[in-house]
Every structure is written in structure tokens, then in C-alpha cells.
Amino acid sequence: MAEGIARELSQQIAARQLAGGAHLGAQALADRFGVSRSPVREALKILCDAGVVEQKENRGFYVASFAGAGAPKASAAILEEQESPYQRIANDWRADLLPEEVTEQLLRDRYGVTKAQVQEILARAAREGWAERKAGYGWRLLSVARSPESFEQIYRFRMVIEPAAMIAPDYIVERRRLEELRTAQQRMLDYDIDHLPVEKLLEAGSHFHEELIKFSNNPYFHMSLVRVNQMRRLLEYRAAYTPQRFIEQCTQHLAILELLGRGEVIEASYAMKKHLHDALDRKKKLMLARGA
């Protein structure tokens, strides 16, 4: 539990959502995360050891003040995903090495994690759409994209619905939202790509597409996209991500926004289809190279 709180706070500091010098009150954080003060204090000590937070005598904990342009890259010890218990469990489920129904105790014994850790892992898996708590006892792991073939099918589905949504009769671009998306994509290019973990960058990419499809004013387009984005997440983590890959993604996103801003919706629809086609081609090659 403390590790999860530390990771969340570290990501917020890296994204400048918590500024240097900001006070981190233990009780306020405990209320926010719905826990006691003990795991919060432990999390703050983890962040102190990583140099992200500093403790001032008789005053409490504060976000460290950094010289230069802002917060440093988040500590690898806190944000590393590839060998985390979460990723080990996710990868074993993807590889059919886990049964469809599991208990917390089974996962604790198999992966050497604590009760708090396994609860956090399963809660995250539920948020990301590949686990659900059974009505009685235990958890059920859900069917998601677990092969390059199913991953490709999802992208081909997206290549149909996302460009089509743009040329639907009720597609209306909200200028304020468009500018917010443009600002977010530019911030990724200027800062986030170098400072946030892959998990957050992937979330930002999914959010961009889900917000654009909302302009169709057809809730079924949006619901379908949210669901398939959840289903592809396990395999997305298997791809070898580099800053250049995210730079290309954001650059293409900004180009699509520019077309929509000029009212060139048909051109934006074509650009979206090409963007998704290029992304699929790139990711298929990466997964094949990794033996996914």
C-alpha cells in the first residue's frame, strides 16, 4: 500500500501536479487515499529516500525544491514497471500461466507479495479491465487481448470506428476541449515524455482518442473504444517503448487536432486512420521481436 501511494505521489511530482515546496500533510493524504496515517508516513519516507520529498524538522514533509527547470525524472526504484509484481502477474495471465479464477492467497504465495500489495495489484487490474471480484470468494481474470492476432483485431476495429466517428453527421468539435487536448499533447512533448512512466503515457494516449470520439455525440462509439482500449492494455506493456515512439505519437496527434481546428474533418479522418495503421505496424514488429 505504501509503495502504491509513493508511486502515485511521485508521478504527480514528475508531472508538476505537485510543485516544489508544496506541503504534504499526512492526514490530508490519508483522507485522500482512504487509509490510515501509517502507510502515508511510510510512503513519504520512501520518497525522502528517493530524493523526491524532503522532511523539515518539526514542520513535516515537502516536495523537494529542484534547481533548474523543475522536478527530476521520477525514481526508477519507485516507477519501474517491467519487473514489478503487477507486471509479473499480468504477463503470466497473458501467457496462460494462471487459472481463470484466483484467490489473493494464491497470488501472495506464488509471487511473494504482501496482503496489501496483492489487494493493490488486483484493484489496479480491475480498473484496467482484466480482473473482477467474484460474487462469492476470490477473483476472476477476464478475457483480453493476449496474442498479437487479437491485438491486431482490436486495432483494425479502431481503424473502422475512429475515422468513421469523425465523419458522422453529429460530429461537432468543441473548441475549448480541442485546445485542452492540444495543450496536453504539447506538454507531453515538452516535458512528460522525459519524466512520466510508460503507464501514464499510455493512459494519456488512450485519453486523447477517447476524448476525440466523444465529439461524435454517439455514446456507443465512446463505450466501444473505452472497452477495447482496456482489452489491449496488457499487450501494450509488452512493446518496447522509447521516447521517439511517444514523440511521433504526439506529433501525429497534434496534426490531427490542427486539421480539426481548421474544419478539415475528412482530412482529419484520413489522418486518424493512417495514424492507427502506422501504430499497429510499429507495435506488431516490436511484439514479434519480443516474442509476444
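Basis for what follows: all heavy atoms, side chains included, without hydrogens, waters or symmetry-related copies.
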(Q) Using every non-hydrogen atom in the two residues, find where Phe221 and Ser216 come nearest and quote the distance to one decimal. (A) CD1-OG, 3.6 Å

**Q.** Step-by-step side chain to side chain contact (heavy atoms under 4.5 Å, CB included) determination, Phe215 to Arg177
**A.** CA-CA 10 Å; Phe215 292 162; Arg177 190 70 191 113; 4.0 Å; yes

Q.
When you compare the side chain of Met159 with that of Leu280, does any pair of heavy atoms fall below 4.5 Å?
A. yes

**Q.** Nearest-0.5 Å distance, CG of residue Leu178 to CD of residue Glu258
**A.** 9.0 Å

**Q.** 4.5 Å side-chain heavy-atom contact, Met188 and Leu201
**A.** yes

Q: Would you check if Phe157 and Ser224 make a side-chain contact, meaning some heavy-atom pair closer than 4.5 Å?
A: yes

Q | Closest non-hydrogen atom pair between Leu225 and His209, with its separation | A | CD2-O, 3.5 Å

Q) With no hydrogens and no angle check, is any side-chain donor or acceptor of Ser269 less than 3.5 Å from a backbone partner on Val265? A) no

Q | Reference residue Leu212; test side-chain contact (heavy atoms from CB on, under 4.5 Å); the match among Glu162, Met166, His253 | A | Met166

Q) If you look at every heavy atom in Tyr171 and Val173, which pair is closest and at what distance? A) CE2-CG2, 3.8 Å

Q. Does some side-chain heavy atom of His222 sit less than 4.5 Å from a side-chain heavy atom of Val226?
A. yes

Q.
Looking at Glu180 and Arg176, is there a salt bridge between them, counting it only when a charged N and a carboxylate O are closer than 4.0 Å?
A. yes

Q) Residues in side chain to side chain contact (heavy atoms under 4.5 Å, CB included) with Gln244, at least two apart? A) Thr242, Ile247, Glu248

Q | Any donor-acceptor N/O pair, Asn217 side chain to Asp170 backbone, under 3.5 Å | A | yes

Q. If you measure from CD1 on Ile121 to OH on Tyr86, what distance do you get to the nearest 0.5 Å?
A. 9.0 Å

Q. Less than 4.5 Å apart, any side-chain heavy atom of Val228 and any of Ile161?
A. no

Q: Determine, stepwise, if the pair Glu210 / Lys214 fulfils salt bridge (charged side-chain N to carboxylate O under 4.0 Å, His left out).
A: CA-CA 6 Å; Glu210 290 164 11; Lys214 282 183 182 178; over 6 Å; no

Q.
Between Phe246 and Gln249, does the side chain to side chain contact (heavy atoms under 4.5 Å, CB included) criterion hold? Intermediate values first, please.
A. CA-CA 5 Å; Phe246 285 110; Gln249 171 185 287; 4.1 Å; yes

Q. Should Val40 and Gln27 count as side-chain neighbours, where that means a heavy-atom distance under 4.5 Å?
A. no

Q: Working to the nearest 0.5 Å, report the span between OH of Tyr62 and CD of Gln55.
A: 11.0 Å

Q.
Quick check on side-chain hydrogen bond (donor to acceptor under 3.5 Å, both in side chains): which of Gln185, His275, Lys274 does Gln252 satisfy it with?
A. His275

Q) Would you say Ile5 and Val35 make side-chain contact, with heavy atoms under 4.5 Å? A) yes

Q.
Any carboxylate oxygen within less than 4.0 angstrom of a Lys/Arg side-chain nitrogen, looking at Asp92 and Arg88?
A. no

Q | Reported CG-to-CE distance for the pair Asn218 and Met223, which is rounded to 0.5 angstrom | A | 9.5 Å

Q. For Tyr111 and Gln117, what are the C-alpha separation, side-chain angles and deciding distance, and is it a side chain to side chain contact (heavy atoms under 4.5 Å, CB included)?
A. CA-CA 10 Å; Tyr111 297 96; Gln117 284 177 312; over 6 Å; no

(Q) Hydrophobic clustering (ILVMFWY, side-chain heavy atoms < 4.5 Å, transitive) - are Phe33 and Val53 grouped together? (A) yes

Q: Mind listing the closest non-hydrogen atom pair of Trp93 and Pro99 along with its distance?
A: CZ3-O, 3.8 Å

Q: Could you tell me the separation between the CD1 atom of Ile89 and the CZ atom of Arg124, rounded to the nearest 0.5 Å?
A: 10.5 Å

Q) Which pair of heavy atoms, one from Leu107 and one from Val113, lies closest together, and at what distance? A) O-CG2, 4.0 Å

Q | Val63 reachable from Leu44 in the ILVMFWY side-chain graph, under 4.5 Å edges | A | yes

Q) Would you call Arg175 and Glu179 a salt bridge, using N to O less than 4.0 angstrom? A) no

Q: For the pair Glu42 and Lys45, find out whether any cationic side-chain nitrogen is under 4.0 Å from an anionic carboxylate oxygen.
A: no

Q.
Within this structure, what is the CH2-CD distance for the pair Trp139 and Gln119, rounded to the nearest 0.5 Å?
A. 9.0 Å

**Q.** Verdict with supporting geometry, Leu254 and Leu189, side chain to side chain contact (heavy atoms under 4.5 Å, CB included)
**A.** CA-CA 10 Å; Leu254 285 168; Leu189 283 175; 3.6 Å; yes

(Q) Quick test of your reading of the model: are Arg108 and Glu104 salt-bridged, counting only N-O distances below 4.0 Å? (A) no

Q) Any side-chain donor paired with an acceptor under 3.5 Å for Arg182 and Gln186? A) no

